[in-house]
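Note that the coordinates shown come from a computational prediction; the quantities given were computed from them, not determined experimentally. Heads up: numbering here begins at 1 and tracks the sequence.
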Amino acid sequence: MAKASPSTPGRDLALELVRVTEVAGLAAGRWIGRGRKEDADQAAVDAMRLMLDTVTMAGTVVIGEGEKDEAPMLYNGENVGEGQPPDVDVAVDPLEGTRLTALGQPNAIAVIAVAETGTMFFPGAAVYMDKIACGPALADAIDITATPNENIRRAAEAKGVQPSEITVIVLDRDRNQGLVEDLRACGAKVNLITDGDVAPAIAAARPQETGVDLLMGIGGTPEGVIAAAVARCLGGRLQGVLWPRNADERRQLVDAGYDLDRVLDATDLVGGDSVFVAATGVTNGAMLRGVRYADGGASTDSIVMRTGSGTVRRTQAEHLPEKIKQFAPPLAL
């Protein structure tokens, strides 16, 4: 077997990435239910940044917390890792679900995706994307250019069930209200969520564990890139179309060369042959249990996946008090 190039991410990177999301989750976990989403997010960012500095990679943040002047750490364009090969693009969401964490509600996660350098889609001014995602069983059935009724019919036919047995996750926003009405009109079950796109994308890609068949609707474009990495790793499918919020944003995107009618597949959003995703539960969710603190220590539940082997691993970890304090010290409120 030929040896992989040192510039190609190897399997050992998977475990290092889990450690990154674990510490972010532990830090955010201190803030569950405290009503302070900014503090929870900052704690996750700080902890993730510290651990990223120990990872053997030369990474560039493509999807981060924003531009440099707005995000002091983990900003778009920031270099992360030890600086040695492999050279990779990095997409991070240290805490997807800041409000969920603040309110103690389900499905907040810490997540990171990595791919070969130059293979991740940079969305520019596009904050939102219309998207549809599913697991392997429905990959040939969905089409974002089709009507909701047609997608539900095709999904039901692929599963050999009635449309009433198809479950769709949709972000609960005014911009998705028409979609929700159409889905219910054709008999589908709609689960409305208040925040986040990545955790639902993982759920839709693992219907045997979650009971979720599809993710549909307009959500964040950065989250769409991470969700595409999930689809790449799990053999599912994601399609997206950029959704400008207003005429000014449309003009910026067109002037920058973006085709607003183009249907973007997962490989358009995250290319290359070596894609990794790691996620750790912060609050309890459909796929992952949340961080649990007890007797000074803590436990975490994580998932890590990669395209190279098609492997999906679940990792439950116990963390000693003295180790946790390096990244997630007890709060002094």
Side-chain angles (χ1 to χ4, degrees), residues 18-52 64-66 71-74 92-112 169-173 191-203 206 209-212 215 219-220 222-223 226-227 278-304 314-333:
V18 170
R19 293 172 62 225
V20 169
T21 58
E22 283 176 348
V23 298
L26 287 166
R30 296 285 196 188
W31 294 94
I32 293 172
R34 300 186 186 276
R36 292 164 60 172
K37 65 179 185 179
E38 292 85 2
D39 290 313
D41 189 42
Q42 189 63 59
V45 170
D46 292 345
M48 180 174 277
R49 185 65 174 83
L50 285 172
M51 184 57 80
L52 273 171
E65 291 288 287
M73 290 186 291
L74 295 177
V92 297
D93 199 339
L95 180 57
E96 183 192 54
T98 56
R99 184 170 64 160
L100 300 176
T101 301
L103 299 179
Q105 294 179 341
N107 288 317
I109 63 172
V111 62
I112 186 169
I169 289 185
V170 180
L171 191 61
D172 189 8
R173 296 290 188 274
N191 290 351
L192 293 174
I193 57 171
T194 60
D195 297 274
D197 270 343
V198 180
I202 296 174
R206 306 279 287 179
E209 297 177 45
T210 65
V212 174
L215 166 70
E223 291 85 351
I226 301 176
T280 297
V282 177
T283 59
N284 288 332
M287 274 290 299
L288 297 167
R289 291 187 63 186
V291 174
R292 300 171 298 285
Y293 276 99
D295 300 324
S299 58
T300 55
D301 185 20
S302 304
I303 187 170
V304 60
R314 294 292 297 269
T315 302
Q316 295 183 338
E318 303 291 331
H319 305 270
L320 297 175
E322 58 269 26
K323 301 296 184 181
I324 296 173
K325 290 177 182 178
Q326 300 175 42
F327 302 96
L331 303 182
L333 299 177

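Put simply, the side chain of Val282 does not reach to within 4.5 Å of the side chain of Glu96, judged on heavy atoms. A heavy-atom distance below 4.5 Å is not found between the side chains of Pro94 and Gln42. Taking the side chain as every heavy atom from C-beta outward, Leu74 and Leu52 approach each other to under 4.5 Å. No side-chain heavy atom of Trp31 sits under 4.5 Å from any side-chain heavy atom of Asp41. Annotation: side chain of Met73 is in contact with side chain of Asp46 (closest heavy-atom distance under 4.5 Å).
Remark: side-chain polar atoms of Arg19 are not paired, donor with acceptor, to backbone N or O of Met51 under 3.5 angstrom. Judged purely by atom type and a 3.5 angstrom limit, Thr283 has no side-chain atom pairing as donor or acceptor with the backbone of Gly104. Distance alone, capped at 3.5 Å, places no donor-acceptor pair between the Asn191 side chain and the Ile169 backbone. Between the side chain of Asp197 and the backbone N or O of Gly220 there is at least one donor-acceptor pair closer than 3.5 Å.
The two atoms that bring Pro200 and Leu215 nearest to each other are CB-CD1, 4.0 Å, heavy atoms only. Pairing each heavy atom of Ile303 with each of Met287, the nearest pair is CD1-CE, 3.7 Å. The minimum heavy-atom distance between Ala227 and Ala201, with the atom names listed, is CB-CB, 3.6 Å. Here the closest heavy-atom approach between residue Pro321 and residue Gly297 is recorded as CG-N, 3.7 Å. When all heavy atoms are compared, the tightest approach of Ala108 to Gly97 is CB-O, 3.7 Å. Looking at every heavy atom in both residues, Lys37 comes nearest to Thr98 through CB-O, 3.4 Å.
Contact check on Glu65 versus Arg49 returns no salt bridge, with no Lys/Arg side-chain nitrogen under 4.0 Å from an Asp/Glu carboxylate oxygen.
Note: Gln316 CD to Leu288 CG = 9.5 Å, rounded to the nearest 0.5 Å. In this structure, the separation between CD1 on Ile112 and CE on Met48 is 5.5 Å, given to the nearest 0.5 Å. Separation of atoms CG (Asp39) and OG1 (Thr101) is listed at 12.0 Å; rounding is to 0.5 Å. Taking NZ of Lys325 as the reference point, atom NE2 of His319 lies at 16.0 Å (rounded to 0.5 Å). In this structure, CG on Leu26 lies 13.5 Å from NZ on Lys323, to the nearest 0.5 angstrom. Between atom CG of residue Asn107 and atom CD1 of residue Ile202 there is a gap of 10.0 Å, rounded to the nearest 0.5 Å.
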Derivation of the side-chain contact (heavy atoms from CB on, under 4.5 Å) call for Val23 and Leu50: CA-CA 9 Å; Val23 298; Leu50 285 172; over 6 Å; no

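Tested against Glu22 for a side chain to side chain contact (heavy atoms under 4.5 Å, CB included), the candidates Val291, Thr315, Asp301, Ile324 yield a single pass: Thr315. None of Val198, Val20, Leu95 except one satisfies the side chain to side chain contact (heavy atoms under 4.5 Å, CB included) rule with Val111; the exception is Val198.
Within 6.0 Å of atom CZ in Arg173, more than 12 heavy atoms from other residues, nucleotides or ligands are found, so the atom counts as buried in its surroundings.
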